Amino acid sequence: MLDQKLIRENPTSVEKSLSLRGKDFNVFPIHKLTIEKKAIDIEISNLQSESKKLSKLIGLEIGKSLNNNSAELNNLKKEGNEYRMKISELEEKKRKLDNQIHKEISSLPNFPSKDAPTGKDESDNVQIKTWGDPLKKDHLKSHWEIGESLNLFDSSKTTKISKSRFITLIGNGAKLERALINFMLDIHSNNGYLELMPPALVNSESLQGSGQLPKFSNESFKCSNDDLWLSPTAEVPITAFNKNEIIDPSLLPIKYVAYSPCFRREAGSYGRDTRGLIRLHQFNKVELYWFSNPSKSLEAHKSITSDAESILKKLNLPFRLVDICTGDLGFSSSRTFDLEVWLPSSKSYREISSCSNCLDFQARRSSIRTKIDKKNQYIHTLNGSGLAIGRTMAAILENGQQSDGSVKIPDALVPYFGSNFIKTP
RNA sequence: GGAGAGGUGGCUGAGUGGUCGAAAGCGAACGACUCGAAAUCGUUUAAUAGGUAACUAUUCGUGGGUUCGAAUCCCACCCUCUCCGCCA
């Protein structure tokens, strides 16, 4: 959430910053509401002050005289009543304004960082570096072909269980998934991250707090009988974990790593990536998350990104690092680095981790602060996949495929998986 | 799901209509004593919003209501705990 005060005091600069996203935003209607609200605030405060004084006076008068029903006293009470009417009228107005302002501001995305490349869409993203040698040969199999021939997963049988875009992992496929989760959790938790295993169901407030609501309710699955949603990413429960807290600055940064299943409706993406493990309604992910001192989030962003990178390096998977342009940034993010893994079958890089610095955007929505120089300040939140498990498996299958149809398991993963190759059953 | 109890400052806990933003204790900070420390004694110590400040307002789980005035009364909701039932 953007700072209401900023919109009230400098709407033009707010619009200018937001327009970096490649769309026009009109914040003047909100600006007007905030001015109106401010005036009402002051008026209410004045009236309350008067009415409080009067109440005290009445209390004193009653204490002095035994007559609770004197004409004088009744007049004072009547006066007090008038205050009450006026105040409650104004409060009603204010409540409406507050709701409206809150609703409007919640729908505004975060400011893009000035360091992010300016651009309109995906095509303007900037490649920062590549790592490893991308496997480029003809007649390479896709991971779903490999998965089928090695019997690692089955999507068509899974439609009987739920519907398309779900998967059932089988045998070595299931084992590989499990190995990857443990592998990633171990590396990160040995690297200073505290492991969390949060609930998969989250309430509306939590989704609001990290920015998925109110704008993207179409993207999540909702439970019909409760105010609970299937969490689209561990970012949601982790943000909510420290909601409404003032964190001692000496504890910062707080670094969490969490494994969680993630559920996304993928509305609007039918027809894309319909096969394999790339785009599913349910997938597993190991998520990295930092609560950072606001003055240190730029360095934190580099660290979290390189922590995510380290997994790809250990697994020896070629990847590139991409600086997401202003027009392609997620709603809550001010700057995002994507890690894209090489998928030889499509001869392209695919997103496997998205590392974002949300600055104080989520912290303001969730009210997470720290005390610096005796003043409360919103902390900065950062998140990054470390990594998406399904896509990592796809990359291992495709990059590790051998001419005899087997798949070589990256050395670092062997202790977790238990063997060097996945062979035909 | 049934029955009961409860939610007050950093913590424990008192407070059932009027200077209550809230006793007391613990904790913490500062000072005295001490070579230093412990102990003891004294003083201070809630948060948030607005304002340069003086100050003003709000906050006793949340939201409404009654009243000139609510931590205190009324209504609804949320959460926690205990017992019973069910259950991986």
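It should be emphasised that the depicted structure is a prediction, and the values quoted were computed from it without experimental measurement. Note on naming: letters A, B, ... go to the chains in the order of the sequence lines (proteins, then strands), and numbering restarts at 1 for each one. Atoms considered below: every heavy atom in the structure, side chains included; atoms not considered: hydrogens, waters and symmetry mates.
Taking Gln377(A) as the reference, Pro294(A), Ile372(A) meet the side chain to side chain contact (heavy atoms under 4.5 Å, CB included) condition, with sequence neighbours excluded. Residues meeting the salt bridge (charged side-chain N to carboxylate O under 4.0 Å, His left out) test with Asp124(A), sequence neighbours left out: none. Shown here are the salt bridge (charged side-chain N to carboxylate O under 4.0 Å, His left out) partners of Asp307(A), two or more places apart in sequence or in another chain: there are none. With sequence neighbours left out, Lys103(A) forms a salt bridge (charged side-chain N to carboxylate O under 4.0 Å, His left out) with no residue at all. Not counting sequence neighbours, the partners of Arg364(A) by the salt bridge (charged side-chain N to carboxylate O under 4.0 Å, His left out) test are Asp360(A). Here Glu91(A) pairs with Ile44(A), Gln48(A), Ile87(A), Arg95(A) under the side chain to side chain contact (heavy atoms under 4.5 Å, CB included) rule; sequence neighbours left out. With sequence neighbours left out, His188(A) forms a side chain to side chain donor-acceptor pair (under 3.5 Å) with no residue at all.
Among the nucleotides G69(B), G64(B), A47(B), the one closest to any side-chain atom of Arg95(A) is G64(B).
Nearest-nucleotide positions on RNA chain B place Ile44(A) closer to the 5' end than the other of Ile44(A) and Lys78(A).
Under the side chain to side chain donor-acceptor pair (under 3.5 Å) criterion, the residue pairs touching residues 210-219 of chain A are Ser210(A)-Gln212(A), with sequence neighbours excluded. Identified under the salt bridge (Lys or Arg N to Asp or Glu O under 4.0 Å) test for residues 4-33 of chain A, with sequence neighbours left out: none.
Going from atom CG of Asn244(A) over to atom P of C78(B) covers 19 Å, rounded to whole Å. Rounded to whole Å, atom P of C78(B) lies 13 Å from atom CG of Leu228(A). Taking atom CD of Glu205(A) as the reference point, atom C1' of C79(B) lies 13 Å away to the nearest angstrom. Atom CG in Asn46(A) sits about 9 Å away from atom C1' in A57(B), given to the nearest Å.
Within a heavy-atom distance below 4.0 Å of RNA chain B, the residues of residues 79-86 of chain A found are Gly80(A), Asn81(A), Arg84(A). Of the residues in residues 1-12 of chain A, those lying under 4.0 Å from RNA chain B by heavy-atom distance are Lys5(A).
Remark: Lys52(A) is in phosphate contact with U58(B), judged by side-chain N or O atoms under 4.0 Å from OP1 or OP2. For U56(B), neither phosphate oxygen OP1 nor OP2 lies less than 4.0 angstrom from any side-chain nitrogen or oxygen of Gln48(A). The side chain of Ser49(A) contributes no N or O atom lying less than 4.0 Å from OP1 or OP2 of U56(B). Distances shown here put every side-chain N or O of Arg369(A) at or beyond 4.0 Å from the OP1 or OP2 atom of A47(B).
Comparing the same atom, C1', in A29(B) and in G10(B) gives a spacing of 13 Å after rounding to whole Å. Nucleotides G2(B) and A23(B) place their C1' atoms 40 Å apart, quoted to the nearest Å.
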**OP:** Evaluate the criterion ring-ring contact (aromatic ring centres under 6.0 Å, His included) for residue pair Phe221(A) and His281(A); output intermediate values, then yes/no.
**Re:** CA-CA 9 Å; Phe221(A) 293 101; His281(A) 287 312; 5.6 Å; yes

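With pairs defined as Watson-Crick or G-U wobble and both atom distances under 3.5 Å, the stems of at least three pairs that touch RNA chain B come out as B:1-7 with B:78-84, B:10-12 with B:24-26, B:27-32 with B:40-45, B:46-50 with B:55-59, B:61-65 with B:73-77.
In the displayed structure, Lys222(A) atom NZ is contacted under 6.0 Å by more than 12 heavy atoms of other residues, nucleotides or ligands.
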